[in-house]
Amino acid sequence: MSLERPKDRDSAGVQRHSADEIADLLGDLVIGREEHINAPGYVIPPDAVQETLSLLKNEAGFDHLSCVTAEERADRYESIYHLKKFDDATQEVSVVVPTAKDNPVSQSAEPVFRTADWHEREAYDLVGIDYEGHPDLRRILLPDTWQGHPLSMDYDQERPQVVSLREGANPLQEDHRDDQDSETMYLNIGPHHPATHGVLHLKATLDGEQVADVDPDIGYLHRCEEQMCQNGTYRYQIMPYPDRWDYISAGLLNEWAYARAAEDLADIEVPEYAQVIRTMGAELCRIAAHMLAVATFALDVYGDFTAIFMYGIREREKVQNILEDLTGQRLMFNYFRLGGVVWDLPEPRDEFFDKTRDFLEELPEALEEFHDLITGNEILQARTIGTGVLPPEVAKSYGATGPVLRGSGVDYDLRRDDPYGYYENLDWDVCVEDGCDNFSRLLVRMNEVEESAKIIEQCVDILEDWPEDERNIQANVPRTLRPDDDTEIYRAVEGAKGELGIYIRADGTEKPARFKIRSPCFSNLQTLPEMSNGEYVPDMVASLGSLDIVLGEVDR
Amino acid sequence: MSSDQPFVTDDSQVLTETRDARMAGADDRFNSKLREAFGSSPFILTKFDKFMNWVRGSSMFMLQFGIACCSIEMMHTYAVKHDLDRFGSGVPRASPRQADVIIVPGTIVSKFAPRMKRVYDQMPEPKFVVGMGSCTISGGPFQEGYNVVKGAEEVIPVDIHIPGCPPRPEALIYGVVKLQERIANGESSPVVVKPYELEQFGDLERDEVVDQLAKEIDTDDLVMRYNWADSP
Ligand code: SF4
């Protein structure tokens, strides 16, 4: 069904640069070298950001700005740009930009990578670094009137804050004052609105029925996830939080992001048996997450709690039952541990396998129903084909990932491109559609459900045949983990919505000194204005639905 | 029915056994339990308030209001399998002006609290609040966050608290049914202290924080002031 390219895509054909070659390319721009566990780091002066990133992007092919991490160190501020290649995700580079404590001003990377816009706003908001040349440097997560930068060192959490509730203003009012023919109207959508999938606020300006300008205003669910993780110990206290980033049942996928980063940081080897269980659990979560995405997308397009929504929930209930058997919870699993999983499959194992197989057996029929109801439906096709167009180059420059990127025809999936877990040994395909519109993104999700089912089926077979005395669910992990001082790592996995990355800097204690979450939805949501400006309001709602954002992950 | 008189109904021909049974009261499909309770009289004597409470509790319109993780379980509660509608309270309304119960399903942060208060204020009286999940009780797992309001009761009064992170759909149903029961019995909501109110900026007591913001906020703007140090 999917139009994927051959699986063993030739990533050897993508040129690989050694650390020294890159240093040569950057020449005098480099004022120091660092070694991060995932990539070589190059320290550059704060006024050379654009030059360095352009060189890396145009000359060395690092076209994916995955994440921007900002942090305050004892003697300086630091912004780290984590770069990758869409053609080969294993090639990574970190660009480290230190700035002085008393004058934290750094050049903005926005002209080179559009995605830096929001990332730098967040860095400014939470850490307090100023980005020179940024088009619109204002707070993004916290209210405009907030005082202080909460992740900086001298922040006083007890300080009272005042938050205002002000009417939105039309940003285009001025432009049209003397042009009588075109009048714009300001429309406030959210933060409490059925179409915004949670507490998102869209400041839309309309010209007639068309969207002239839309500005997503986020932060209504900014619940300090990074601070919480920095306050927790590696071994047990952090793992419950990932469940709550992308809470649409994608818990295990998120837990894996943390597990992968922390395991690589502390050098923990996960037993193969545990990897198979993880892979199976994660794909079950993906099915549940995509089912809700499809269900709510139909809800957005048809506008009511119709059969499709109920069918979607019905499939989710089945998955959640299986996950509950496996993990003991319906939604917040807390099932992974560093070095493995917390317990083995439920006894009696046969019953569990049968239940999972039954679900997989019924799934094709259910999907057929969905295709009849949704993708085969003329109304939905009329609403979604050719609307919300996101060209591949635009998607890439915004750092969009996951089904959004694959719906724009870019073949990028970390499960295959930067393999982890047990995915390498299984037979499955990456789903890509090249329509670049709302319909393609929907199709990618529906096809991915099929691929996930394939993966689960193979995992169940493997687990069933696993010799009883080799069922090792956890590696030996010391009770307290204290990764070496000043080690840094950035690792990502393919979450339900795209590339979910974690940056951790250890300082030799049992808690991370900096914990940064790269959320796929955060980057994906940035593309909304690109897709909606000039389109009709209902198409904007459909585009928003097809992005499948979850605010817990956007705001963190 | 004879074919020459198609539209005239002959009573004697449609009198079926079922109808006989119903008329005689042997079939319990027509509220015969209630009938039994009321006796043979077709009249009920009750206080108007009592009757209204019973009506109110038996048909509740919920506000379709999603915040965080708990709202996913809330959706499951409305949908197939759990089907909250069985208890007469499963019609989500998108507008607060048409709703009489608000389920608060998630973490409330500083930016959202004033908006939530506004939505609550827009609901017509009498209105009820169900706090779903630990976050609405105390801030839950995020209680120590710099941006998190320590429970829904800091902003609006809450009638029913449902603990859990997230509570299972069964727990939510239990909570909602408990609320309906209380409403039907005419029990009033608890009076709580609400430290965070929406007020005009000009009315705030002047101190260092307010002075600093004076340039940014107009005196007649509505604001919510968070005194974090006083929070539980
Ligand atoms: S109580 Fe738990 S599940 Fe509910 S919103 Fe809070 S963190 Fe999420």
Side-chain angles (χ1 to χ4, degrees), chain A residues 141-148 150-151 155 157-167 190-194 196-199 201 217 219-225 227-228 231 240-241 243-244 247-249 292 295-296 305 309-314 316-317 320 330-332 550-552 555, chain B residues 63-73 75-76 78-82 92 94 96 106-119 135 139-142 144-148 165-166 168-169 198 201 204 207 209-210 212-213 216-218 221-230:
Chain A
L141 294 174
L142 291 167
D144 294 337
T145 51
W146 203 261
Q147 300 290 301
L151 295 185
Y155 182 70
Q157 204 177 320
E158 305 271 274
R159 182 195 161 90
Q161 299 281 355
V162 176
V163 175
S164 67
L165 176 67
R166 226 179 299 182
E167 213 178 310
H192 161 238
H193 189 280
T196 55
H197 292 220
V199 283
H201 178 199
D217 174 23
Y220 294 96
L221 193 53
H222 172 56
R223 36 189 190 180
C224 331
E225 302 268 12
Q227 183 203 19
M228 294 294 105
N231 291 348
Y241 285 100
D243 285 320
R244 290 162 180 80
Y247 44 68
I248 311 221
S249 278
L292 192 77
T296 49
F305 285 98
F309 180 78
M310 295 297 174
Y311 284 15
I313 297 281
R314 180 193 65 191
R316 270 175 62 85
E317 285 284 359
Q320 283 190 315
R330 276 169 59 87
L331 204 58
M332 301 299 167
V550 40
L551 269 299
D555 295 347
Chain B
L63 179 64
Q64 188 185 335
F65 185 68
I67 303 180
C69 349
C70 278
S71 47
I72 302 297
E73 285 296 65
M75 278 161 53
H76 277 260
Y78 286 133
V80 286
K81 184 168 174 189
H82 297 101
T107 325
I108 302 148
V109 302
S110 65
K111 200 170 174 181
F112 190 60
R115 276 84 185 170
M116 184 176 83
K117 176 87 168 95
R118 179 46 74 82
V119 168
C135 282
F142 303 100
E144 281 154 31
Y146 49 82
N147 190 28
V148 175
C165 183
R168 296 178 63 92
L198 269 182
F201 186 66
L204 288 185
D207 63 6
V209 180
V210 173
Q212 255 187 14
L213 284 165
E216 285 176 54
I217 310 179
D218 295 340
D221 271 344
L222 284 178
V223 295
M224 196 171 263
R225 184 195 161 104
Y226 300 99
N227 294 319
W228 299 119
D230 303 342

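Just so you know, these numbers come straight off a predicted model, no measurement behind them.
Between the side chain of A:Tyr241 and the backbone N or O of B:Pro141 there is at least one donor-acceptor pair closer than 3.5 Å.
Listed options A:Pro240, A:Pro150, A:Gly552 were ranked by heavy-atom pairs under 4.5 angstrom with chain B; first place goes to A:Pro150. The most heavy-atom pairs under 4.5 Å with chain A, out of B:Gly145, B:Cys69, B:Pro169, come from B:Cys69. Options A:His192, A:Gln320, A:Gln147 differ in how many heavy-atom pairs under 4.5 Å they form with chain B, and the most are formed by A:His192. Contacts with chain A were tallied for B:Phe201, B:Phe112, B:Phe142; B:Phe142 has the most, counting heavy-atom pairs under 4.5 Å. Among B:Asp207, B:Leu63, B:Val80, the residue making the largest number of heavy-atom pairs under 4.5 Å with chain A is B:Val80. Residue with the most contacts toward chain B among A:Glu158, A:Arg159, A:His222: A:His222 (heavy-atom pairs, distance under 4.5 Å).
For chain A, the nearby parts of B:Cys165 are the backbone and the side chain; heavy atoms of each come within less than 4.5 Å. With a threshold of 4.5 angstrom between heavy atoms, B:Leu213 approaches chain A through side-chain atoms but not through N, CA, C or O. Residue A:Leu221 touches chain B through both its backbone and its side chain, counting heavy-atom pairs closer than 4.5 Å. When heavy atoms are compared at a cutoff of 4.5 Å, B:Asn147 approaches chain A by way of both its backbone and its side chain. With a 4.5 angstrom heavy-atom cutoff, B:Ile108 does not touch chain A via any of its atoms. Using a 4.5 Å cut-off between heavy atoms, B:Ile67 contacts chain A through both its backbone and its side chain. Both the backbone and the side chain of A:Leu142 come within contact range of chain B, each with at least one heavy atom under 4.5 Å from a heavy atom of that chain.
Here B:Glu144 pairs with A:Met228 under the side-chain contact (heavy atoms from CB on, under 4.5 Å) rule; sequence neighbours left out. For the side-chain hydrogen bond (donor to acceptor under 3.5 Å, both in side chains) test, residues two or more places apart in sequence or in another chain that qualify with A:Arg314 are A:Glu369.
Ring geometry, B:Trp228 versus A:Trp146: the interplanar angle falls from 30° to 60°, so the pair is classed tilted. The aromatic rings of A:Tyr155 and B:Tyr146 sit perpendicular, their planes meeting at an angle over 60°, well past the 30° parallel limit.
Using a cutoff of 4.0 Å between basic side-chain nitrogens and carboxylate oxygens, A:Asp217 and B:Lys111 are scored as salt-bridged.
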*asked:* Could you go through A:Arg330 and B:His76, starting from their C-alpha distance and side-chain angles, then the distance that decides it, and tell me whether this counts as side-chain contact (heavy atoms from CB on, under 4.5 Å)?
replied: CA-CA 11 Å; A:Arg330 276 169 59 87; B:His76 277 260; 3.7 Å; yes

